[in-house]
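Report on the following structure.
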Protein chains: 2
Amino acid sequence: MKRSTRQRDAIKAVIDSAQRPLSPQEILDDAKCHVEGIGMATVYRNLKSLVESNSLVVVSLPGESARYESSGHTHHHHFHCTHCNRVYDVHECPGKLLELAPSGFTVERHELTLYGRCDQCAQPH
Amino acid sequence: MKRSTRQRDAIKAVIDSAQRPLSPQEILDDAKCHVEGIGMATVYRNLKSLVESNSLVVVSLPGESARYESSGHTHHHHFHCTHCNRVYDVHECPGKLLELAPSGFTVERHELTLYGRCDQCAQPH
DNA sequence: ATAGATGCAAAGAGTTTGCATAGGT
DNA sequence: ACCTATGCAAACTCTTTGCATCTAT
């Protein structure tokens, strides 16, 4: 039932080759290099179905709209550059988070977002 | 320059007396009990200025639109119960987050959200 | 009296949906 | 040939802004 189209292939290719989670707009811009004329509605529709089929995961950061990255990545967090607004993967994890919650609470999952400047936006002097 | 109006006072009162961060819609609904006819634009305008004057802080959780709570709380994180959907404050903090980012990156701030079951929703059986 | 604040409605920004057509199988 | 996927535009939701009016000082 899932057909292979140039648009869908381009969207997957763009996300799979990205080193960081991409916004729908970034995906559209990159996909246009592969398929001229591709529209935003197609991006959104494919993102939705690719998430449903577990090919992609949604990256939700506080106060941000959704970004998307390939599934199958190991547990990681994100670094949000306050200057260029790009989001990077952070593979380190503080761990020991189970103990942070009040007693009686069970921690199943956690999300950590770091904010600051990425290497390309290092603080000017 | 900042005048005291019934609308602004109502908005502050609603947030200050809340036990949890409130969405703009919740704030509007509650404020209508104090000032009939108050509009959403007034809520947004006041939220913005109250945040700028540090009377309120924005609570951003992944995938959620902004909520607002009184400022003056110390640094804390949030526990989001996956069962009852309530959000609790978590005052513990893992610390040592500066070292998690890739080299060349500067960490200025962080947000941590824990997901699981709160004490009232403890795993059945 | 004056300048900031309000309510309404319209404008934006981001995302979703309806519909006719293109295109995979 | 069939039926899904696409592109466009309109619809929707959330938030912001323009403007005439109101109101706290």
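Quick note on labels: first sequence line is chain A, next is B, and so on, each numbered from 1.
The CG-C1' distance, from L47(A) to dT6(D), rounds to 15 Å in whole Å. Regarding Q7(B), its CD atom lies at a distance of 14 Å from the C1' atom of dC8(C), rounded to whole Å. For D9(B) and dT23(D), the CG to P distance is 15 Å, given to the nearest whole Å. Taking atom NZ on K48(B) and atom P on dA5(C), their separation rounds to 13 Å, with Å as the unit. If you measure from atom CG of N46(A) to atom P of dT4(D), you get 15 Å, rounded to the nearest angstrom. If you take CE of M40(B) and C1' of dA10(C), they are 16 Å apart, rounded to a whole angstrom. Between the P atom of dA5(D) and the NZ atom of K12(A) lies a distance of 14 Å, rounded to the nearest Å. Separating the CZ atom of R8(B) from the P atom of dG7(C) is a distance of 12 Å, rounded to the nearest angstrom.
Heavy-atom minimum distance, D16(B) versus S70(B): OD1-OG, 2.6 Å. A pairwise comparison of heavy atoms in V90(A) and H78(A) identifies CG2-C, 3.9 Å as the closest pair. The two residues L28(B) and I38(B) make their nearest non-hydrogen contact at CD1-O, 3.6 Å. Smallest separation of non-hydrogen atoms from V43(B) and P24(B): CG1-O, 4.0 Å.
Along DNA chain D, the nucleotide closest to I11(A) and the one closest to R6(B) are compared, and the more 5′ of them pairs with I11(A).
Which of dT15(C), dT17(C), dA9(C) sits closest to the side chain of Y44(A) comes down to dT15(C).
Phosphate proximity of dT15(C) to Q25(A): absent, as no side-chain N or O sits under 4.0 Å from OP1 or OP2. Between dG7(C) and T42(B), a contact under 4.0 Å exists linking OP1 or OP2 to a side-chain N or O. Distances shown here put every side-chain N or O of T5(B) at or beyond 4.0 Å from the OP1 or OP2 atom of dG4(C).
Using modelled atom types, one side-chain atom of S71(B) and one backbone atom of N54(B) make a donor-acceptor pair closer than 3.5 Å.
Annotation: proximity of residues 49-68 of chain A to DNA chain C (heavy atom, distance under 4.0 Å) is found for S65(A), numbered in ascending order. Only G37(B), I38(B), listed by number, bring a heavy atom of residues 29-38 of chain B to less than 4.0 angstrom from any atom of DNA chain C.
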Side chain to side chain donor-acceptor pair (under 3.5 Å) for H76(A) and E69(A)? Distances and angles first, verdict last. CA-CA 12 Å; H76(A) 64 282; E69(A) 67 184 4; 2.7 Å; yes
What verdict does the side chain to side chain contact (heavy atoms under 4.5 Å, CB included) test give for D9(A) and V35(A), after you've listed the backbone C-alpha separation in whole Å, the side-chain angles of each residue and the deciding distance to 0.1 Å? CA-CA 10 Å; D9(A) 293 346; V35(A) 184; over 6 Å; no
For S49(B) and K2(B), run side chain to side chain contact (heavy atoms under 4.5 Å, CB included): C-alpha distance rounded to whole Å, both residues' side-chain angles, the deciding distance at 0.1 Å, then the answer. CA-CA 10 Å; S49(B) 70; K2(B) 279 288 162 51; 4.2 Å; yes
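Between the side chain of R3(B) and the base of dT25(D) there is no donor-acceptor pair of N/O atoms closer than 3.5 Å. Put simply, the side chain of R45(A) and the base of dG18(C) share a donor and an acceptor less than 3.5 Å apart.
Salt bridge R67(B)/E26(B): present, at least one basic N to carboxylate O contact under 4.0 Å.
Residues H75(A) and H77(A) bring a donor and an acceptor atom of their side chains to less than 3.5 Å of each other.
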